Novice: 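Structure incoming, see below.
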Amino acid sequence: MTAVGPLESARELLREFPVVDGHNDLPWALREQVRYDLDARDIATDQSAHLHTDLARLRAGGVGAQYWSVYVRSDLPDAVPATLEQIDCVRQLIARYPQALAPALTAADMEAARSQGRIASLMGAEGGHSIANSLATLRALYALGVRYMTLTHNDNVDWADSATDEPGVGGLSAFGRAVVREMNREGMLVDLSHVAATTMRDALDASEAPVVFSHSSSRAVCDHPRNVPDDVLERLPSNGGMAMVTFVPKFVLQAAVDWTAAADENMREHGFHHLATTPEAMKVHRAFEERNPRPVATVSTVADHLDHMREVAGVDHIGIGGDYDGTAFTPDGLNDVSGYPNLIAELLDRGWSKPDLAKLTWQNAVRVLGAAEDVARGLQATRAPSNATIESLDG
C-alpha cells in the first residue's frame, strides 16, 4: 500500500473541513482593473494573469467559505456609496455563479453551503470610514449582508485609532465604544485587523461578543504594527474570538518588514509617496529592488506564526485570512487561493492533529459567527437600536 503524503492528507482534510478565509479583496481588484465589468474578469475562467482568485483555484485550494472584503479607500470622499458598489459587486458575483457561490448570512448558511459543495460567500467592510460616523448606516450595511466591519483601515477614523497612523483618540472614543456595542447588537463581528493595539484592547473591553482579526499575524514573530501582540492574543479565549493569520510577506517576515521600510524611505528620498505607482516612481522602485533583492516569505514563514498563535491563544481561537488580491506579493507556495493545501501539509508535517486543523480551517470561524448571532438575539430582546451621534458622545 502506498503511504499518503502530507499534501494528499491535507487535501483530504479540506474536502471535509474546507477553509473559511477571512479576507479576500477580489471586489476591489475588480473595481480597479475593470470597473466591475465581470465579463472582462470572468472568474469561471483562468484569471491567473490578472488575479489571485478564480473559481477553479478556489476549488483547488479547498476553500469552503470566503469573507469577500467590501473595502474602499479611506481617503475617498464618497466612502458610503463606494462601499455600496462593492456590496453590489459581491451580489453580482453570487448571482452570476450560483453553482459555485452561495449567499451566506449566518453560521447555518455556512454549513448549508458546505453540504451543497458550494463556497459560502459572506462580506466584511474594511474600515469604519464606510459608516461615515452613523450608527444607522452601520445597521444598513448589516441589513445588506455585511457580517464584519474592520474598525479602521490604514488611517484613523474619528472614533478609533489605526495601527499605521499617529494616535488620535487613544484607542476607542466614547462613540467608538457605541459602535462596538451596536455591532454586537446587530450580530456584526468586530474586526480588529488594522487597528492600533490600544484600539484592540479597548474593543475587547467593550465587546459583549467574540471579536475577530480577519487578516493579522503575530507581532511576537514579526514586529509589525499590523500584527497582534501576545497580550491581546491571550485575551481571545475569554472573549471567544479568533485571529486569522495573514500571508502578506511584509507582515509575516521580519526581513521583508525591514526591506519595505528601506524601500519606502528610498521612494521618499526621490520625492515620491511610498505607495506611488506612476512610471517614474516604479522606475525608482525597480532600481532599488535590483540593488536590494526582495526577501521572500514561504509557507514555513506563515506556519511559524500559526505555531506561536496556537501556543498563546489556543487552537480554538485561530484561523486563516490570506488577503489575496489585496497584496502585490505572496509567499512561495501560497501564490494564490489554490495554495491553502500547502499550508495544511506544512502543519501536518509539524505534528498538528487533524481535529486541530479542522478547527483552524472551518470550525472556529463558524462557531464565532454563530456566537455573535446568539449575543445579538439576547441584546435585541433587551436593548433598542442606538441613535447616538458622535457629537453627542465625543463632543
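Computed from a prediction, not measured in an experiment: that's the story for all the values here. The figures here come from the full heavy-atom set of this structure, side chains too, leaving out hydrogens, waters and symmetry mates.
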Novice: Give a yes or no answer on whether the side chain of Asp161 reaches the backbone of Gly168 with a donor-acceptor pair at less than 3.5 Å.
Specialist: yes
Novice: Show your working on side chain to side chain donor-acceptor pair (under 3.5 Å) between His23 and Asp25 and close with a plain yes or no.
Specialist: CA-CA 7 Å; His23 195 86; Asp25 276 302; 3.2 Å; yes
Novice: With no hydrogens and no angle check, just 3.5 Å: does a side-chain donor-acceptor pair link Trp362 and Glu111?
Specialist: yes
Novice: How far does CG of Asp230 sit from OG of Ser218, to the nearest 0.5 angstrom?
Specialist: 5.5 Å
Novice: Using a side-chain heavy atom cutoff under 4.5 Å and only I, L, V, M, F, W and Y, what cluster partners does Phe329 have?
Specialist: none
Novice: How long is the span from the CZ atom in Arg139 to the CD atom in Glu182, to the nearest 0.5 Å?
Specialist: 4.5 Å
Novice: Applying ring pair (Phe, Tyr, Trp, His ring centres under 6.0 Å) as the test, list every pair that has at least one member in residues 217-246; sequence neighbours left out.
Specialist: His224-Phe251
Novice: Could you go step by step and tell me if Glu126 and His194 meet the side chain to side chain donor-acceptor pair (under 3.5 Å) rule?
Specialist: CA-CA 9 Å; Glu126 191 174 15; His194 279 287; 3.0 Å; yes
Novice: Evaluate the side chain to side chain donor-acceptor pair (under 3.5 Å) criterion for residues Ser207 and Asn184: first the C-alpha distance (whole Å), next the side-chain angles of each, then the deciding distance (0.1 Å), finally the verdict.
Specialist: CA-CA 7 Å; Ser207 184; Asn184 292 163; 3.2 Å; yes
Novice: Without swapping roles, check the side chain of Arg383 against the backbone of Gly378 for a donor-acceptor pair under 3.5 Å.
Specialist: no
Novice: Please check if the side chain of Thr164 supplies one atom and the backbone of Asn154 the other of a donor-acceptor pair under 3.5 Å.
Specialist: yes
Novice: Has Ser216 got a side-chain atom pairing as donor or acceptor with Phe213's backbone, closer than 3.5 angstrom?
Specialist: no
Novice: Could you go step by step and tell me if Glu208 and Arg181 meet the salt bridge (charged side-chain N to carboxylate O under 4.0 Å, His left out) rule?
Specialist: CA-CA 7 Å; Glu208 299 164 83; Arg181 288 193 295 270; 5.9 Å; no
Novice: So which of Thr53, Ile94, Asp325, Ile87 actually passes side-chain contact (heavy atoms from CB on, under 4.5 Å) with Trp68?
Specialist: Thr53
Novice: Quick one: is the NZ or CZ of Arg147 closer than 6.0 Å to the six-membered ring centre of Tyr67, and within 45° of its axis?
Specialist: no
Novice: Crowded around Glu166 CD? As in, over 12 foreign heavy atoms under 6.0 Å?
Specialist: no
Novice: With distance as the sole test, does Arg15 use its side chain to make a donor-acceptor pair with the main-chain N or O of Gly62 at under 3.5 Å?
Specialist: no
Novice: State whether the number of non-hydrogen atoms from other residues, nucleotides or ligands found under 6.0 Å of Glu269 atom CD is greater than 12.
Specialist: yes
Novice: Does a side chain donor of either Thr330 or Asp336 reach within less than 3.5 Å of an acceptor in the other side chain?
Specialist: no
Novice: For Ser217, is there any backbone N or O sitting under 3.5 Å from a side-chain donor or acceptor partner on His305?
Specialist: no
Novice: Is Asp54 reaching over with its side chain to a backbone N or O of Gln47, donor-acceptor style, under 3.5 angstrom?
Specialist: yes
Novice: Parallel, tilted or perpendicular: which fits the ring planes of Phe247 and Tyr324, with parallel below 30° and perpendicular above 60°?
Specialist: perpendicular
Novice: Under 3.5 Å, is there a donor-acceptor pair between the side chain of Gln66 and the main chain of Asp21?
Specialist: yes
Novice: Would you say the side-chain atoms of Asn292 pair up with the backbone N or O of Phe288, donor to acceptor, closer than 3.5 Å?
Specialist: yes
Novice: Show the numbers, then the answer: is there a ring pair (Phe, Tyr, Trp, His ring centres under 6.0 Å) between Tyr36 and Trp28?
Specialist: CA-CA 9 Å; Tyr36 304 126; Trp28 184 256; 8.5 Å; no
Novice: Verify, without hydrogens or angle tests, whether Asp191 (side chain) and Tyr148 (backbone) share a donor-acceptor contact under 3.5 angstrom.
Specialist: no
